[in-house]
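When reading the values below, keep in mind they use all heavy atoms of this one structure, side chains included, and skip hydrogens, waters and symmetry mates. This structure is a prediction, so every number in the text was calculated from the model and none was measured.
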Amino acid sequence: MLQLAGAGAGLMAIGDPDQAIYGFRGAEPAYFARLREDFPDARLFRLGSNYRSQGAIVEAAAAVIGHNSDREEIALAAVRPGSGPIRLIAVSGETAEGVAVVREIGRMVGGVDMMQADAGSGGTRSFADFAVLFRTGRQGRILAECFEQEGLPYRLVGQKAFLQSSSVRAALAFARYALDPQEGLRLLHAQEAIGATDESGELAALVTEYGQLAAGAGAGAWVRRWRAQFGDSGDEELAQLERMAGVAGTLGRLLETVLLGSEADYEQRGGPQGSEAVSLMTLHAAKGLEFPVVFVCGVEDGLVPLRERGADLAEERRLFYVGMTRAEEELVLLRARSRQRYGERVEVGVSPFVGEIPGGLVEREVVEKKKKVAVEQLSLF
């Protein structure tokens, strides 16, 4: 830094140590203090006014982040008027959690006829007003299934793990070669993708076929054809690639997104297609965004905070803080009482971060699973 900035005249750095959530990429709150050590004459301006969220959300988020002992005290205050309670909904399990989210959104956009509600016929909200945040990719897949089943439009953002599957890697390798068959270094990967040799002539025929398809159709059609010929109907990873391709438009744009895209560029759409959709994304991918209504799912000890892979508790708290402060008007937290982990169902407790929110700010609700009622047919004789 000293080599780049010299004595520091004209240097300005902007950031929020409370939102340092990418420790695995080297981001640490300590860098802010280190900067002041390197430039002791620097003037520090603390910005504590929150123009995004209503009062209860800011107060709750400030209380949570205040438990990080390595944090410099910064007073946070809401500028926006209005202040409703933060809702904490307890459900039986992960599927019930998804159903609860879908029903809450349905209610807010206007009831049963959700597509009419999206056109503004009955509700006070549109689908684009909602974000559903979660900690892990598996949660996102379960939530997406609930949206699919209920027919709600959604966009699943920031899910990259499917790109590591062998079937997706094969499709992408062949796509690169089909777009530029003169690139010799890609030949071997293309051969491996289809299991063919040069002598068979199959590779050349397929390159011609898929090259023409790329030129005349969109990326969605290209992946759909590949999936039908080389994939498996039950391959969810290829299905995700197809949805992502539909958003990308062209095959070249799809490959560019895979190579250079940020987390927010990995988008798959589902449900009825339209201009507006509910955003489903990880807490990490939500940084920098804002929505009128935010649902944070999996607010349980073990997910928020994550208790594996040596997760840092202070960073996990910052991540929860980021999720909370994405909400402008309404914040809904959800927790399951049991969740499937490593092949077995286990009881889980509420996140300790909930206990750091002043009790008067939280409205607790319990959604019980409806029991099936046995029906006995009466005899007329």
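Judged as a salt bridge (Lys or Arg N to Asp or Glu O under 4.0 Å), the pairs with a partner in residues 90-99 (not counting sequence neighbours) are, in order, Glu94-Arg138, Glu94-Arg345, Glu97-Arg339.
Relative ring orientation between Phe320 and Phe353 is described as parallel, the plane-to-plane angle staying below 30° on a 0-90° scale split at 30° and 60°.
Applying the side chain to side chain donor-acceptor pair (under 3.5 Å) test to Glu365 and every residue at least two apart in sequence or in another chain returns Arg87.
Side-chain rings of Phe291 and Phe130 stay apart, their centers remaining 6.0 Å or farther from each other.
A donor atom on one side chain and an acceptor atom on the other are found under 3.5 Å apart for Arg225 and Gln229.
Ion pairing between Glu276 and Arg125 fails under the 4.0 Å rule for side-chain N and carboxylate O. Classification of Glu329 and Arg80 as a salt-bridged pair holds, one side-chain N sitting under 4.0 Å from a carboxylate O. Between Glu368 and Arg337 a salt bridge is recorded (basic side-chain N to carboxylate O distance below 4.0 Å). Salt-bridge check for Glu256 with Arg253: passed, with a basic side-chain N closer than 4.0 Å to an acidic carboxylate O.
For the side chain to side chain contact (heavy atoms under 4.5 Å, CB included) test with Arg326, the passing option among Met281, Lys287, Arg52, Glu290 is Arg52; the others fail.
The other members of the hydrophobic cluster of Ile14, by chain and number, are Met12 (side-chain heavy atoms under 4.5 Å, ILVMFWY only).
The two residues Ala285 and Tyr22 come nearest to each other via the heavy atoms N-OH, 4.3 Å. For the pair Leu213 and Trp222, the tightest heavy-atom approach, listed with the atom from each and the gap, is CD2-CA, 3.7 Å.
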Subject >> Criterion salt bridge (charged side-chain N to carboxylate O under 4.0 Å, His left out) on Arg317 and Glu356, from CA distance to verdict >> reply: CA-CA 10 Å; Arg317 187 178 281 110; Glu356 299 172 355; 2.8 Å; yes
